[in-house]
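This report concerns only the one structure given below.
Bear in mind that the values here come from a model prediction, so they are computed numbers and not experimental data.
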Amino acid sequence: MDTIATILREHPELAVFLTLGFGFLIGRIRIGSFQVGAMLGTLFAGMVVGQLTIEIPEVVKIIFFDLFLFATGYKVGPQFFYGLRKDALPMFLLTIVVCVGCLVTAILVSKFLGYDVGTAAGILAGAFSESTVIGTASESIKKLAISPEEQKQLINNIPIAYAVAYLVGTTSLVWFLSNMAPKLLGIDLKKECAVHESTMISAGTQESDEQTALKEWSIRSIQLDKDHWVGKSIGEAERSFPGKRIVIHRLRRLGAILEPGPELVLQEGDILAIAARQGVILDIMNGIGKEVMDRKLLDYPMREFELVVKGDRIVDKTLKEIATTYGEGVLLEKITRAGQELPFQADTVVHAGDVLTIYGRKEDVDRLTTTLGVQQLKGVNTDISFVSLGIVLGGLVGLLATSWNGITITLSTSGGALVMGLVFGWIHSRTPKYGNIPEAALWIFDNLGLATFLGIVGLSAGPSFISGLQHTGWQILPAGLVVALVPHIIGLYFGRYVLKMNPAILLGAQSGAGTTTIGLKAIQDAAGSKVPVLGYTIPYALGNILLTAWGPVIVSIMTRP
């Protein structure tokens with residue numbers, strides 16, 4: 001054991017990778033519906049390995065933390081700036097109420113129990129599963145006019161309180177949002193979502209690593225009989241089922257395959273290659289002819305693209321309006337916002353930065369690309385210059401500080417990286433050819449960045465973990481529970497009875513304001529629907545900003561004479 005300890009002390013990089021490896025393994029542990037998760041698992045692993053008293057250079061932790069914060073802002077930037085519009089005001093007000101409630105509750109509970117500023121910050125971070133508070137609060141503690149030993153003790157108390165409050169807060173919040181909150185509102189969550197889905201076009205619920213047997217869109221070859229569609233143009237035929245999309249890609253006439261335009265008049269015996277949703281296809285076959293097998297007619301290339309929405313022509317338009325005006329020849333597979341797949345309905349409003357997954361013939365897709373947005377880049381290269389410039393500018397912004405009523409408020413260099421990530425993410429959504437960060441690279445920045453930061457935090461706090469937990473006492477359990485639930489109870493009634501929000505969307509918005517994706521998943525499972533996602537994205541973007549900023553705020557308030 002002494003030999004292992006010596007090796008890890010002399011080569012601390014090995015200790016970091018050992019922590020990451022064990023941390024991600026611990027994160028797989030599941031107890032009922034609760035999963036430990038890689039982040040908390042890495043923190044625990046760091047505390048265990050940290051018993052060997054391993055020193056990690058501080059700059060390593062900050063580098064990975066800044067990468068994580070920039071990636072977080074980059075992902076939600078388009079939705080954050082879209083949320084500044086007036087129609088998102090209820091989402092903003094709800095998020096402010098929940099996040100301010102979290103800050104106030106954490107301060108009151110900590111003062112009542114006599115906790116120090118490090119423990120208070122840890123409770124706030126853990127109860128709302130916002131790991132960024134660990135970093136921003138730690139940076140603020142380093143600026144306090146106290147000895148380095150006192151600073152280190154306060155900073156080490158943050159992850160101790162975070163670990164306990166995270167376990168209590170996350171499990172209780174998942175239960176509250178998915179089970180207790182609907183009862184407090186007096187609603188049947190599944191019925192509320194079903195009502196909202198009454199005009200649903202598509203809403204898949206399978207896990208990301210599963211494939212559903214149901215294919216919403218189908219392309220079939222149907223031969224016209226003499227009583228239906230004969231004498232109509234293709235454009236008229238495609239509009240013959242109001243409210244439903246029908247696309248005629250090509251047809252066979254007298255043995256020849258034609259690539260028709262909307263003006264071509266249909267004749268008896270024409271065989272049409274028709275794309276439509278499954279239910280619509282059945283209606284068509286019952287009404288216009290019989291299905292035949294025409295392999296050559298159906299054997300034509302289709303291209304699938306992801307389009308980033310931009311341009312005033314379709315932003316703030318409904319999917320129905322877009323399909324009617326621009327949708328000739330193309331099919332919409334899904335719509336994604338801030339990494340979350342939305343249920344899409346005819347009246348779903350498209351935001352700038354949304355990603356539309358479409359497919360169709362090359363000429364139709366190319367035309368739509370020019371009209372609706374820019375093709376999402378599929379390359380594997382990350383624009384490192386873009387990322388580095390964003391973090392540097394963010395760090396400079398974070399150095400700025402202001403005082404209010406004797407309280408010094410500053411984002412710190414790390415908080416500045418989050419803010420500039422929002423700006424640069426929005427810039428990329430407007431000009432997707434610049435600032436490309438592929439999904440895999442974004443995962444590295446986001447997940448590995450945060451996990452490495454938490455692992456190093458655990459390594460630093462490890463030697464004092466046991467004594468720190470004994471000093472804090474068992475009261476931290478109910479403290480974490482109160483800080484997690486009270487703000488959400490306030491937000492629940494404020495959103496429902498003051499803002500008059502749809503209850504299903506309200507619950508999704510609360511999970512966003514609390515930055516708890518686990519809670520969102522639990523709500524979707526309880527509802528059997530993706531409708532709650534509609535309320536998640538804007539509060540999640542704003543919640544990340546506010547909760548990150550609370551790190552230096554809670555330090556300033558708790559240390560104020």
Side-chain angles (χ1 to χ4, degrees), residues 198-204 211-305 307 318-335 344-346 356-369 371-372:
S198 58
T199 58
M200 188 74 68
I201 297 175
S202 174
Q211 294 292 326
T212 176
L214 173 65
K215 301 300 180 184
E216 288 288 342
W217 287 93
S218 178
I219 301 178
R220 314 281 273 275
S221 52
I222 299 177
Q223 186 170 30
L224 297 182
D225 62 30
K226 62 182 178 180
D227 296 323
H228 300 91
W229 280 10
V230 173
K232 291 185 177 182
S233 70
I234 284 182
E236 291 173 330
E238 290 179 333
R239 295 189 295 270
S240 61
F241 286 77
K244 298 179 180 179
R245 289 293 315 284
I246 298 171
V247 178
I248 300 174
H249 278 146
R250 63 205 314 225
L251 63 81
R252 182 187 292 278
R253 177 176 292 174
L254 301 177
I257 294 178
L258 308 178
E259 304 287 342
E263 311 302 326
L264 182 69
V265 177
L266 299 172
Q267 299 178 5
E268 180 181 352
D270 284 349
I271 302 176
L272 310 181
I274 301 177
R277 295 190 178 273
Q278 297 279 8
V280 180
I281 283 286
L282 294 176
D283 291 339
I284 291 174
M285 288 193 298
N286 291 333
I288 67 167
K290 64 178 181 178
E291 183 175 14
V292 297
M293 182 58 195
D294 192 329
R295 183 179 297 276
K296 288 188 176 181
L297 180 66
L298 297 178
D299 187 13
Y300 57 95
M302 297 282 282
R303 302 183 68 182
E304 179 175 294
F305 287 131
L307 301 181
T318 66
L319 289 176
K320 181 178 180 180
E321 291 172 330
I322 296 170
T324 301
T325 307
Y326 305 108
E328 179 186 338
V330 297
L331 315 174
L332 177 63
E333 275 290 284
K334 65 180 179 179
I335 177 172
F344 51 93
Q345 305 165 230
L356 305 180
T357 302
I358 65 168
Y359 74 100
R361 295 179 302 176
K362 180 182 183 303
E363 56 269 28
D364 293 323
V365 171
D366 289 345
R367 170 184 48 78
L368 196 67
T369 298
T371 305
L372 299 189

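From Lys232, atom NZ reaches atom CG of Leu266 across 9.5 Å, with rounding to the nearest 0.5 Å. Within the model, atoms CG of Leu224 and CD1 of Ile222 stand 8.5 Å from one another, a figure rounded to the nearest 0.5 Å. A distance of 9.0 Å separates CD1 in Ile257 from CG in Leu298, rounded to the nearest 0.5 Å. Here Ile358 contributes atom CD1 and Met302 contributes atom CE; the two are 10.0 Å apart, rounded to the nearest 0.5 Å.
Residues Leu272 and Trp229 are in side-chain contact: their nearest non-hydrogen atoms beyond the backbone lie under 4.5 Å apart. Side-chain contact between Ile322 and Leu356 is absent, with no heavy atoms from C-beta onward closer than 4.5 Å.
Evaluation of the side-chain contact (heavy atoms from CB on, under 4.5 Å) rule for Val292 yields Ser221, Gln223, Ile271, Lys290 as partners, not counting sequence neighbours. For Thr325, there are no side-chain hydrogen bond (donor to acceptor under 3.5 Å, both in side chains) partners two or more places apart in sequence or in a different chain. Considering only residues two or more places apart in sequence or on other chains, Thr318 meets the side-chain hydrogen bond (donor to acceptor under 3.5 Å, both in side chains) condition with Glu321.
The minimum heavy-atom distance between Ala237 and Ile246, with the atom names listed, is O-CD1, 4.3 Å. Closest approach of Leu297 and Arg252 over heavy atoms only: CD1-N, 3.8 Å.
Of the residues listed (Ile274, Leu331, Ile219), the one engaging Val247 in a side chain to side chain contact (heavy atoms under 4.5 Å, CB included) is Leu331, and it is the only one.
Judged as a side-chain hydrogen bond (donor to acceptor under 3.5 Å, both in side chains), the pairs with a partner in residues 257-272 (not counting sequence neighbours) are, in order, Arg250-Glu259, Arg253-Asp270, Glu259-Arg361.
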